[in-house]
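Residue numbers start from 1 in every chain, and the chains themselves are labelled A, B, ... in the order their sequence lines are given, proteins ahead of strands. Because the structure is a prediction, the values reported are computed rather than measured.
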Amino acid sequence: MTKPRFYVTTAIAYPNGRPHMGHAYEAIATDVIARFKRLDGFDVRFLTGTDEHGLKIDQAARAAGKPPQSYVDEMVAPFRDLDEALGISFDRFIRTTDADHKALVQALWQRMAANGDLYLGRYEGWYSVRDEAYYDEGELTTGEDGVKLSPQGTPVEWTVEESWFFKLSAYQDRLLALYDSQPDFIQPASRFNEMRAFVAGGLSDLSVSRTSFTWGIPVPGDASPDGKIHVMYVWLDALANYLTGAGGLDGEWWPADLHVVGKDVVRFHAVYWPAFLMSAGLTLPKTVFGHGFLLNRGEKMSKSVGNVVDPAAMVERFGVDRLRWFLCREVAFGDDGSYSDEAIVERTNADLANGIGNLAQRSLSMVAKNLGGVMPRRGEAGESELRLKNAFHTGTDAYLAAMNALALHKALDALMGMVTAANGYFAENAPWALAKTDVARMAEVLAATLDATRRIVILAQPFMPGSTAALLDQLGVAGDAREISGLNTPVEAGVQLPLPAGVFPRITLDG
RNA sequence: GGCAGCGUAGCUCAGUUGGUGAGAGCGCCGGAUUCAUAACCCGGAGGUCGGCAGUUCAAAUCUGCCCGCUGCUACCA
């Protein structure tokens with residue numbers, strides 16, 4: 001029996017600066033989903049990477065006095081390092097400067113051209129030679145001498161540039177039909193409504209080539225009539241990375257099951273991307289999910305405010321699993337969220353140290369001290385055990401439903417409900433008292449608690465791969481019994497457990 | 001300006017088609033306990049459900065207005 005497949009992607013990062021918390025958040029959330037799918041028996045393909053073409057990179061490279069290729073070669077390193085530090089389990093880190101990607105984008109272009117959707121036209125707008133960029137009328141200010149100025153204060157002039165256009169306008173009806181027949185194509189629902197309204201409001205054709213700079217993938221074919229080199233619009237280039245990562249235009253992993261992207265780029269993924277794919281005669285991804293932004297103490301991160309946080313420093317300070325847990329537990333996936341050192345300390349102490357960690361430690365240490373570390377046998381289920389079982393049944397169902405609906409925070413809420421139930425069971429049966437009166441019953445209570453803990457830790461794996469692996473080792477769970485399919489396979493009685501050691505120590509703000 | 005949405009305990013939020021006394025988690029206070037990472041377990045305090053006015057036997061839940069906040073309103077990403 002072959003496993004069902006699941007192809008998931010993050011957006012690709014634009015490496016004209018250092019990675020920030022937003023990058024880390026998107027990578028973590030997507031990694032959690034990918035790990036969950038693997039745990040749930042899927043054959044998963046997980047793609048992430050960097051978007052390396054375009055004017056801004058070109059300008060940044062020039063400012064740094066380097067050729068763009070060597071510039072991006074350097075700039076991409078921190079992104080790879082961050083993924084490494086965060087434990088991101090990607091299958092490929094794609095760079096849009098990769099050779100197979102460049103070839104694919106040109107092939108995609110040709111398919112769209114063959115379908116008659118690309119034509120040569122003129123792009124007009126307010127252009128700043130100094131910035132090498134076009135600006136909207138609304139962004140402009142008027143200088144003292146009546147000259148129009150860009151937001152950077154540089155003079156702009158009305159410029160006409162030859163450009164290839166994509167017949168986006170021809171896809172309005174098909175896009176609306178897509179949304180109406182597949183309401184979960186764009187998630188969460190609030191984004192769906194915005195995108196639908198946007199498309200319903202009418203679409204203009206899209207300029208998909210530039211002649212104002214050359215750092216991009218060249219448009220295939222002969223030189224244009226005006227003799228200038230056309231490079232592709234960065235979004236066409238960037239979006240196509242998902243095809244490259246799938247193995248090409250007819251790649252075995254296409255279509256993607258899920259594109260996880262920031263809410264700021266939902267439009268590109270939910271409008272332009274399906275239109276490009278329709279034009280090329282390719283199938284569409286199943287879902288585009290737009291996650292929210294992370295706010296630092298409720299404030300938007302910005303360089304001018306000086307509250308930009310380096311995610312690598314956060315990993316250093318709190319540990320990768322605490323950071324992963326906090327972001328998935330505290331932030332409703334799809335909404336904006338806020339973080340602070342205090343919140344991370346509070347949340348992880350409550351959930352991990354007091355909750356999961358303490359549950360494991362209190363039961364494991366009793367087994368070590370009273371039973372020589374030998375896994376005890378479970379007894380006949382009494383009323384107390386049945387209540388525990390029920391709580392875990394509904395909790396597991398809630399967890400799985402939430403994960404499949406991409407409601408990561410709700411899944412963890414369900415998981416914490418199970419932790420509470422297990423701690424309640426333990427306190428109710430007071431095995432420490434039974435140690436003096438009824439050792440056999442004590443052993444049964446410990447066995448039931450350990451099994452409850454095992455289930456919790458198995459389900460926590462996508463969120464905290466490192467810590468849960470250590471805990472499952474302590475719980476004596478075999479390597480091949482750690483998937484969701486092994487949830488109902490308890491550790492056999494008689495197994496010798498290693499000496500327990502705390503996995504989630506409490507932390508303090510100044511520590 | 002237009003469209004969409006939001007404003008419920010200190011904090012983050014749940015609250016189907018209006019109907020028994022308004023909830024959860026965290027934090028806080030008290031009790032109990034000692035297996036455990038001063039953790040766990042039990043209990044408690046805390047809210048005129050943004051404001052005003054309506055509809056109704058009955059509104060956090062419907063309508064109108066007002067106040068505050070957010071997103072979208074395309075080709076820099």
When rounded to the nearest Å, what value does the distance between [atom1] atoms of [N] and [M] take?
N: G43(B); M: A60(B); atom1: P; result: 28 Å
N: G47(B); M: C13(B); atom1: C1'; result: 14 Å
N: C6(B); M: U61(B); atom1: P; result: 12 Å
N: C75(B); M: U8(B); atom1: P; result: 35 Å
N: C11(B); M: G50(B); atom1: P; result: 14 Å
N: U20(B); M: A39(B); atom1: P; result: 38 Å
N: A58(B); M: G18(B); atom1: P; result: 15 Å
N: A74(B); M: G2(B); atom1: C1'; result: 16 Å

May I ask you to evaluate whether [X] reaches the phosphate of [N], defined as a side-chain N or O under 4.0 Å from OP1 or OP2?
X: Arg506(A); N: A39(B); result: yes
X: Arg196(A); N: A4(B); result: no
X: Lys410(A); N: C13(B); result: no
X: Asn358(A); N: U37(B); result: no

Within this structure, what is the [atom1]-to-[atom2] distance between [X] and [N], rounded to whole angstrom?
X: Arg329(A); N: U12(B); atom1: CZ; atom2: P; result: 15 Å
X: Arg191(A); N: C3(B); atom1: CZ; atom2: P; result: 19 Å
X: Leu415(A); N: C26(B); atom1: CG; atom2: P; result: 14 Å

Per the atom types in the model, does the base of A74(B) pair as donor or acceptor with the side chain of Ser204(A) at under 3.5 Å?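 Answer yes: a donor N or O sits under 3.5 Å from an acceptor.
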Under 4.0 angstrom, heavy atoms only, what part of the nucleic acid is Val271(A) near: base, sugar-phosphate, or nothing?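 Result for Val271(A) = nothing.
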Look through every strand shown and name the nucleotide pairing with U17(B) as Watson-Crick or G-U wobble, where both distances are under 3.5 Å.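 Looking at the geometry, U17(B) pairs with no nucleotide.
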So which nucleotide does A4(B) pair with, by the Watson-Crick or G-U wobble rule with both distances under 3.5 Å?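 Pair assignment: A4(B) / U70(B).
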May I have the step-by-step check of side-chain contact (heavy atoms from CB on, under 4.5 Å) for Tyr425(A) and Ser384(A), ending in yes or no? CA-CA 7 Å; Tyr425(A) 169 84; Ser384(A) 187; 3.3 Å; yes
Distance-only donor-acceptor check, side chains His259(A) and Thr9(A), under 3.5 Å: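 Looking only at side-chain atoms, Thr9(A) and His259(A) do form a donor-acceptor pair, the distance falling under 3.5 Å.
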Distance alone, cut at 3.5 Å: any donor-acceptor contact between the side chains of Ser163(A) and Ser207(A)?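 Indeed, the side chains of Ser163(A) and Ser207(A) share at least one donor-acceptor pair under 3.5 Å.
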Determine the sole option in Asp58(A), Val72(A), Thr96(A) for which the side-chain contact (heavy atoms from CB on, under 4.5 Å) test with His53(A) is passed.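 Exactly one pass, corresponding to Thr96(A).
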Ring geometry between Phe268(A) and Trp235(A) (parallel below 30°, tilted from 30 to 60°, perpendicular above 60°):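 It falls in the parallel class, under 30°.
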